[in-house]
Number of protein chains: 2
Amino acid sequence: MLKLTRKVEYALIAVRHMQAMESGKLTSAKEIALSHGLPQQLLAKTLQKMAKENIIEAVQGPSGGYRISSNSDKISLKDFFEKLEGPLGMMDCYFDSECIQLGACNIRTPIQRINDNMRNMFSKMTLREATQ
Amino acid sequence: MLKLTRKVEYALIAVRHMQAMESGKLTSAKEIALSHGLPQQLLAKTLQKMAKENIIEAVQGPSGGYRISSNSDKISLKDFFEKLEGPLGMMDCYFDSECIQLGACNIRTPIQRINDNMRNMFSKMTLREATQ
DNA sequence: TTATATACGATAATTATAGTCGTATTTATT
DNA sequence: AATAAATACGACTATAATTATCGTATATAA
């Protein structure tokens, strides 16, 4: 429970890989996949998603690839997670108001309390701090 | 991502239900299931698990049932989660040393850093605080 | 023109979660 | 002693979410 998904795991591996590269140099999905034994296609999707979200920069064409974005220092872990996987909620009712329980629900407040703590924690922690 | 499971959700609902009862009074799986529209059998298993872990007390036989345990005040949210679902780790490698990555893994330290923060947060928060 | 890279939608496979079934055990009540 | 209502629990099925693959389009350096 409360485990990171593979998508996020691969994203973290890729970020660290790119951070370790010489500044400005590009690396490819293939290169990262091979050096860490990850499924290339799935990793590629995650990289594409990160590029779309400006966590990394993409360069197309042969001898293209990805590099870490300059503003990646300012990204919080919360944003990183949410950019990749959507709202970071321990339960749907935190964002979604639709719930079968309706009036019978007695844990809405507790859930929100727990969620707020978790979101707050990941807001304070930057991707940089986590991966350096 | 990072969502609570139904097991934990049902457990929280049950705990709140029991907290709202007159002190010492028993309630049954059936009663909780009916009043909150939960699947009785599944809830029953969760209640049994909580009883086994001394979060609640079980009384067998007809007119038996469950009540909140007196020491439930001291239980942290981390313990509550872990008693119900096992180790609270965002990734297996935090507890498990077996990993396909072996030497190629570059995120062991980051993952542990993230996990430590999360475990620390849930250690400081009690079940009582969360559900009151 | 070709080769190599990103981009991306659709779909298949796998795994984890959620829920059910059947049966045994306990015990208050009659 | 018999019955009924509750907990206890292992095995199984169904469902949902995650993970992975496939096929194709687009960009661009050589």
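Proteins get letters first, then strands, A, B, ... in listed order; numbering begins at 1 in each.
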**Student:** What about Lys45(A), does its side chain sit under 3.5 Å from the base of dT19(D) through a donor-acceptor pair?
**Tutor:** no
**Student:** Rounded to whole Å, how long is the line connecting atom NZ of Lys3(A) with atom P of dT19(D)?
**Tutor:** 11 Å
**Student:** Counting side-chain heavy atoms from CB outward, which of dT21(D), dA5(C), dA28(C) is closest to Pro39(A)?
**Tutor:** dT21(D)
**Student:** Using 0.5 Å steps for rounding, measure from the CD atom of Gln40(A) to the OH atom of Tyr10(A).
**Tutor:** 13.0 Å
**Student:** Would Glu57(A) and Tyr66(A) satisfy side-chain contact (heavy atoms from CB on, under 4.5 Å), going step by step from the backbone distance to the final call?
**Tutor:** CA-CA 5 Å; Glu57(A) 286 168 23; Tyr66(A) 302 94; over 6 Å; no
**Student:** Could you tell me how far apart Leu42(B) (CG) and dA8(D) (C1') are, to the nearest whole angstrom?
**Tutor:** 15 Å
**Student:** Look at the side chain of Arg6(A) and decide which nucleotide, out of dA20(D), dA18(C), dA7(C), has an atom nearest to it.
**Tutor:** dA20(D)
**Student:** Quickly work out the Tyr10(A) OH to dA20(D) P distance and round it to whole Å.
**Tutor:** 4 Å
**Student:** When rounded to the nearest 0.5 angstrom, what distance separates SG in Cys105(A) from CD1 in Ile13(B)?
**Tutor:** 6.0 Å
**Student:** Using atom CE of Met1(A) as one end and atom P of dA16(C) as the other, report the distance to the nearest whole Å.
**Tutor:** 16 Å
**Student:** Do Gln60(B) and dA6(D) have a side chain to base donor-acceptor pair shorter than 3.5 Å?
**Tutor:** no
**Student:** Please state how far atom CD1 in Ile56(B) lies from atom P in dT7(D), giving the value in whole angstrom units.
**Tutor:** 9 Å
**Student:** In whole Å, I'd like the distance from the CD atom of Glu57(A) to the C1' atom of dA5(C).
**Tutor:** 17 Å
**Student:** Map Val59(A) and Ser63(B) onto DNA chain C by nearest heavy atom, then report which one ends up closer to the 5' terminus.
**Tutor:** Val59(A)
**Student:** Between the base of dA20(D) and the side chain of Gln41(A), is one N or O donor paired with an acceptor at under 3.5 angstrom?
**Tutor:** no
**Student:** Check this one for me: any side-chain N or O of Tyr66(A) less than 4.0 Å away from OP1 or OP2 of dA7(C)?
**Tutor:** yes
**Student:** Which nucleotide wins on minimum distance to the side chain of Pro62(A), given the candidates dA7(C), dA29(D), dT7(D)?
**Tutor:** dA29(D)
**Student:** Just verifying a value: how many Å separate Arg67(B) CZ and Ile56(B) CD1, rounded to the nearest 0.5 Å?
**Tutor:** 11.0 Å
**Student:** Which of the following nucleotides, dA4(D), dA8(D), dT6(C), is nearest to the side chain of Ala51(B)?
**Tutor:** dA8(D)
**Student:** If you look at every strand shown and take non-hydrogen atoms under 4.0 Å, does Ala29(A) touch a base, only sugar-phosphate, or nothing?
**Tutor:** sugar-phosphate
**Student:** Counting heavy atoms from C-beta on, name the nucleotide in dT4(C), dC8(C), dA18(C) closest to the side chain of Lys52(A).
**Tutor:** dC8(C)
**Student:** For the pair made of CD1 in Ile13(A) and P in dT19(D), what is the distance, rounded to whole Å?
**Tutor:** 12 Å
**Student:** Say you draw a straight line from CG of Asp79(A) to CG of Leu127(A); how long is it, rounded to the nearest 0.5 Å?
**Tutor:** 10.0 Å
**Student:** In this structure, how many angstroms lie between the C1' atom of dG9(C) and the NZ atom of Lys49(A), rounded?
**Tutor:** 14 Å
